[in-house]
Structures are given as C-alpha cells and as structure tokens.
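Worksheet: the structure to be examined is printed underneath.
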Amino acid sequence: MLVVVAIVLAGGLALAVGRGHQAKRTPPPRKAKATPPVRPPAAEAGLLAWRLDAPLSREVVVPRGGARRGLVVLGGLRSGDSSTNAVEALDTRTGALSPRGSLIGATHDAAGTTLGAQLLVIGGGTTAPAGATQIEAGDKATAGGALPEARADAGAVTVGHTAYVVGGYDGSAMDREVVATTDGRRYRPVVALPVPVRYPALAVLGSQIYVFGGLGANGRPSDAVQLVDPAGRTAHVIGRLPRPLDGAAAGVLGGTIYLAGGRTAAGPTRAIYALQPRGASFLRAGSLRVAVANAGAAVSDGRLWIVGGESSGGKPIADVQVVVPNVGFGRAGDPGAGSPFAGDKLLIADRGSDRLLLLDDRDRVVWRYPSPGRAAPHGGFYFPDDAFFIRHGTAIVSNQEDNHTIVEIAYPSGRITFQYGHPRSPGTAAGYLNTPDDTYVLANGEMSVADAGNCRVLIIDPRTKRVVHQIGTPGRCLHDPPAALGSPNGDTPLADGNLLVSEINGSWIDELTPSGRKVWATHLAVGYPSDPQQLRPDRYLVADYEHPGAIVEFDRRGRIEYRYQPTTGSGVLDHPSLVERLPSGVFMVNDDYNDRMVAIDPSTRALVWQYGADGHAGTTPGLLNTPDGFDLLAPGGNTPTHPTTG
C-alpha cells in the first residue's frame, strides 16, 4: 500500500511540476467598446443687421487676401436680370462696400476662387455661357486663358497651388469634365464626374473635393454626393444628400463641412447640414434665417458668409447671412440643434396677451399659464411684465406691472403659492404696490421688487408679507440713494447679495446693499436704462428701452464698452426691456414693440434666432404680443442667467 501511495504521490508531483512548466493560457483580448464619434458643433446661423446696397445673386465671392479682412464680391445678377462687372470689397464688420475696380466684362453664374494673390472669375456669362477667365489682382482685372469650351453654372475650388473647375453647362449640354489650372491661363482635364451637374456646392477637405448635389441633366436637383481625388484622378459617388438640392453653399469650418441653403423641388431651403465623412452621412445642424439659393459664399475668419442669393420667387435679395459652428447651440443631430438655448427651455412673459409661455429648443410651446387646469390668481393675471424661475425650477415669480401685484406660481402645476399687492389698486400703504417691476427671490428667501411708480425698491419677507427694507421714498423720484430713487425699474440681485438698480429718471445705474447703502453709482449715456445685469467684475449689460433700442455694455465709470443699435434692417430693436447673455454666448432680448424675442451674436452683430413676427401681434403658435420678460431653465432646475437666485 505504501508503494502504491508513493507512486501516486510521485505521479501527482510530476504532473504538477509538468503543469508548472507549461505556459499560462492568455485569455482572449476583450473587444474594446466602439466609442461613438463626437458629433460636430451645431450651426449658429445669423442674419446681419446690414444689407447689400442692392439685391444680388449668382455672383463670385472670395475671401479678401492679406491682412485686410472681409470679402471680395465680383459680378453677379442684379434685379431686372442684368449682369454686373462690379468688383467690391465688403467689410463684414460694418457692411461697408467699397469699389475695387471692375471686371473686363459683366458676368453672372461664373465659377470663382483664389489662386495665390489672384482672384479667378471663370466662365459664366450674360445671355449665354462664355469660356473666358478674368484674373483680378491688385484691384485690376486682366484677361486669362480660355476654358476648353464655354461653361457657366460651375463651381471652383483651390487645392494646394491648383484651381479646379467642377460641373457646369455649355448652353446645350452638361460638362462633366473637371479641369485644372495653376495660373488661370492654361487648363488641363483631370477626371469626368460620374454624375454631371450644374450649380453644385463644393468644399475641400484635405486634398479631396466634395461635390454636393447640383442640377442634373434631367433639369431636377440631384442628391448625389461625389468625391473628386485630384491626385488620383478619380471621381465617384460616395453618398446621397438628405434630399435633392442645387445652388447650396458649402464651407469647411473647424474641420467639418457645413452645407447650407440651396434649392429643393419645393423651392429655397433654410436647412444646414454637417457632413460626417464616414459613410457620407448628414446631420441636421441648424437653419438659416432666410431660405436662399444661388448665393455667393466664402469662408473667412472661420465663418461661412452667404451673400445675397435668391429666396422664394427667384428674385435676388440683399441679405447677408453667416454660419458659425457653436457647441453652445448644441451638436449636429440634436433635436434642438441650432437653437441658442439648445437643451434648455425659455420662459416668456407675453405681456400683451396676459400669459406665460415655455418654449423648448425646437420653438414648441410646452407649457402655458393660465390654461385649463392652471387658473389665474385672484384679481386675474394681467400685464405680466417679468417672470423668473425660482426654487430650483419648481416655481415662477411674476410681477404684474399694471395690475400692481406679485404672484408666485408653482411649476408645472400652476398653483398660486404667494400673492402680494392689490389687483388694479396702486398704493403706498403696507401691502400695496405701484407698477412693480423685476421681482426676484433672494438667496435668503426674501423678495426684492422695484416698485417703480412709488420710486422705491422693497425687500419683502414672503412668510409675513412684511417689508424688511425700503430704499427710496414715495413721491421723491430723483437720484439720491438711499433716500430717493428716480423711478427704479430694475433690481437685479448680484452674487454678493447686493442689488443692481436702474433708475429711469436721469439714466442712473447703482449697486446698493439690501439695506440701501450705495456701493457705486454711474450716469449712463442711454435714454431709458432697463434691467441691468452683471457680466463679470466691472462689466455690465443693460437694455435701452427706446426706438431704435440698444444693447449696451458698460463699466462702473459709465464708460460704454459695446453698443448694438442698428437703425435699419432686421436687427432694429423697438423698446427692448431686458437683455441677458446666454451660456451660448449670445444676447437674448425681448423686443417688446416688435412683438418678438430675438438673439443677437455680439461678435458678428447678427440676428441668430427669433420667435414672433416683426410688428405682428398674435396668440397663435409662433406669435407674441409685447413680450416683456424671459428666463432660461436648464435640466436639473438650473437657472443659468441668475444661478444665485434660482
């Protein structure tokens, strides 16, 4: 038995030793989870406050070279179907056009690009396609070489030191040959397009030329996305557009191709798409302010400028639009991509309609007050001047200016949880108000209100309805804080607990403690300051409630650092009473007497969003009636524009 045990033990030991010398089995590698690609930023699309001197379409637009920023506009089609030979420099900061010479011959529907210091205007024509090249350099136009055949309705781009002409029409047939030139005088064939088109949109990514849509040989818009490889001399279809399109604008912004506007079978479109190169898929990135096709377009200063073009009816327009990637407007493919408050909701105090509306980032009304199941307070819901989310988005405080009341409304139930003042009964006694403006709930739970008609600011304890502090004296409506205030209409709480007060009489802005001690005061060169806000230390924002109204940034000395106050065009404001800077970087403004809410980009001064129709009051979806206040609600009950009081 001992022998047997020894043999077994020896065998087991040998087996263990043998196993010990075997290589460990490596487990199969785990498959890494595929990380979805980061979607490109959505498109902030703006309409400039200024316009061209006259409507223009089908022109060549290229960036202005050298240190001089802006664009050069060459040729094009004027109203009345007349071609022009004008060459003008366009200052994209001011809209100023300055003559830069003239082309040798008038033309429209030409292809255009830059080649070194030269601007090439290729083909086009007036009554029929032409094959000439016009070279503009040093503000002087000279004749270049001729294309192999006449060609209009083509596009041109530059890759490296070579310009390529893509697509077009010779007057009787489509021209599928892509031709190249290094000097604007001699052209050579490169490759034939698999789908011949005219009016395509072109963009260069890397060394590849993307060709989007265009008008096909059948006379209908094409949905083909073609890729031209100049080095390999190949061209093939790589994908399809979301819908057939011709006459669109395309540009590379931040490494992504954005495709904007164009003409569909139903007419010009406002749609903006971002291209995902893998699979040539498209994500909706936003919307232009004006539907347009056949515009001149170019990328300059990291922005896609869309100049003139044709809107509905096919007539030239004078509008200038700009497209800028802005992740604050969401990401391409988001439901609300292109909204200045993407992912958030916008509360509007629609004063003329006696209601509050809540919009989502697709401009849909998702909540309203009063409404069935959300009854108005005792004395009615009349003249809501402002409304702000409070208590982490669970309630709204609103002052009814001409109703002389303050109400707190539970959100979303609409239940009234607090009311102060006497409906339609102004007064100075305890419990009375006179034209209250801008009611806030402070960090300690107390309420501040600019009691404008009584020339005072009140701090109220909502639990007892007792006035804790009064700044100013009824009947003394002049600037002498804390004893007197000149009709205060704003009392914005600051992060340190103080109040930023605007006085209409004398145009004063003050920082006051809740007990009334003056920290600083400045006289501001505006006609009617309304609802000041703090942007950062010693930088403030206020609306000038006049016509034309203004958006003004200033410091404590009253020095104006920025003013937006166009006097013509779509950007003119009519009695704006509140402006705030949104997290996306743009100014949101309630443009009271224009019956609209608008968002303005301070860097381009372009109107980038609007709800409501200019000067057209109404209550149906898409219309407002004298909107007089707003607030932003982010997920989680956050209030980005006033985090300390929300």
Side-chain angles (χ1 to χ4, degrees), residues 40-52 56 59-74 87-98 100 112-120 136 139 156-159 201-206 248-261 272 274-275 285-286 288-290 292 295-309 318-329 332 338 340 561-564 566 569 571 581 584-587 599-609:
E44 172 196 322
L47 179 65
L48 275 297
W50 45 264
R51 309 177 81 206
L52 298 176
L56 184 69
E59 77 278 25
V60 168
V61 174
V62 294
R64 195 174 184 184
R68 297 171 296 180
R69 303 170 73 178
L71 305 170
V72 180
V73 182
L74 306 98
V87 179
E88 296 176 299
L90 175 61
D91 187 334
T92 51
R93 296 167 300 177
T94 65
L97 279 167
S98 55
R100 184 178 149 130
T113 189
T114 58
L115 193 58
Q118 301 183 131
L119 310 183
L120 304 185
E136 205 269 359
D139 300 352
V157 291
T158 299
V159 181
L202 306 181
V204 176
L205 195 58
V252 178
L253 304 171
T256 296
I257 297 177
Y258 290 84
L259 183 68
I272 303 173
L275 172 69
L288 295 172
R289 300 306 314 150
V290 177
V292 70
V299 173
S300 177
D301 300 326
R303 299 159 177 158
L304 174 61
W305 300 89
I306 301 174
V307 181
D319 295 317
V320 177
Q321 302 185 74
V322 61
V323 175
V324 186
N326 186 344
V327 73
F329 281 57
E561 305 285 354
Y562 174 92
R563 183 189 291 269
Y564 172 89
R581 186 174 63 191
S584 55
V586 302
F587 292 142
I600 307 293
D601 185 326
S603 63
T604 61
R605 298 175 177 262
L607 189 155
V608 299
W609 176 87

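FYI, side chains are in, hydrogens and waters are out, and symmetry mates aren't considered; it's all heavy atoms of this structure.
Here the side chain of D319 pairs no donor or acceptor atom with the backbone of L47 at under 3.5 angstrom. One N or O on the side chain of T158 and one on the backbone of T114 form a donor-acceptor pair closer than 3.5 Å. Looking only at distances, no side-chain donor or acceptor of W305 sits under 3.5 Å from a matching main-chain atom of Q321.
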Notebook entry, point to check: Could you walk me through whether V586 and I600 pass the side-chain contact (heavy atoms from CB on, under 4.5 Å) check?
Noted result: CA-CA 6 Å; V586 302; I600 307 293; over 6 Å; no
Next item on the list: Given side-chain contact (heavy atoms from CB on, under 4.5 Å), test V608 with F329 step by step and report yes or no.
Entry: CA-CA 10 Å; V608 299; F329 281 57; 4.0 Å; yes
Next item on the list: Go through the steps to decide whether V87 and V72 satisfy the test side-chain contact (heavy atoms from CB on, under 4.5 Å), and finish with yes or no.
Entry: CA-CA 7 Å; V87 179; V72 180; 3.9 Å; yes
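Atom-to-atom distance recorded for D601:CG and L607:CG is 10.5 Å, nearest 0.5 angstrom. The CZ atom of R51 lies 12.5 Å from the CG atom of L56; values are rounded to the nearest 0.5 Å. Within the model, atoms CG of L52 and CD of E59 stand 7.5 Å from one another, a figure rounded to the nearest 0.5 Å.
Of all heavy-atom pairs spanning L304 and A297, the tightest one is CD1-CB, 4.3 Å. Between G112 and V60, the shortest heavy-atom contact is CA-CG1, 3.6 Å. When all heavy atoms are compared, the tightest approach of L253 to V323 is CD1-O, 3.6 Å. Considering all non-hydrogen atoms of both residues, S584 and N326 come closest at O-ND2, 3.2 Å. Residues A49 and Y564 come closest through the heavy atom pair CB-OH, 4.2 Å.
Residues that satisfy the side-chain contact (heavy atoms from CB on, under 4.5 Å) test with A285, not counting sequence neighbours, are A43, Y258, I272, A274, A332.
Remark: R93 CZ is loosely packed, at most 12 non-hydrogen atoms of other residues, nucleotides or ligands lying under 6.0 Å away.
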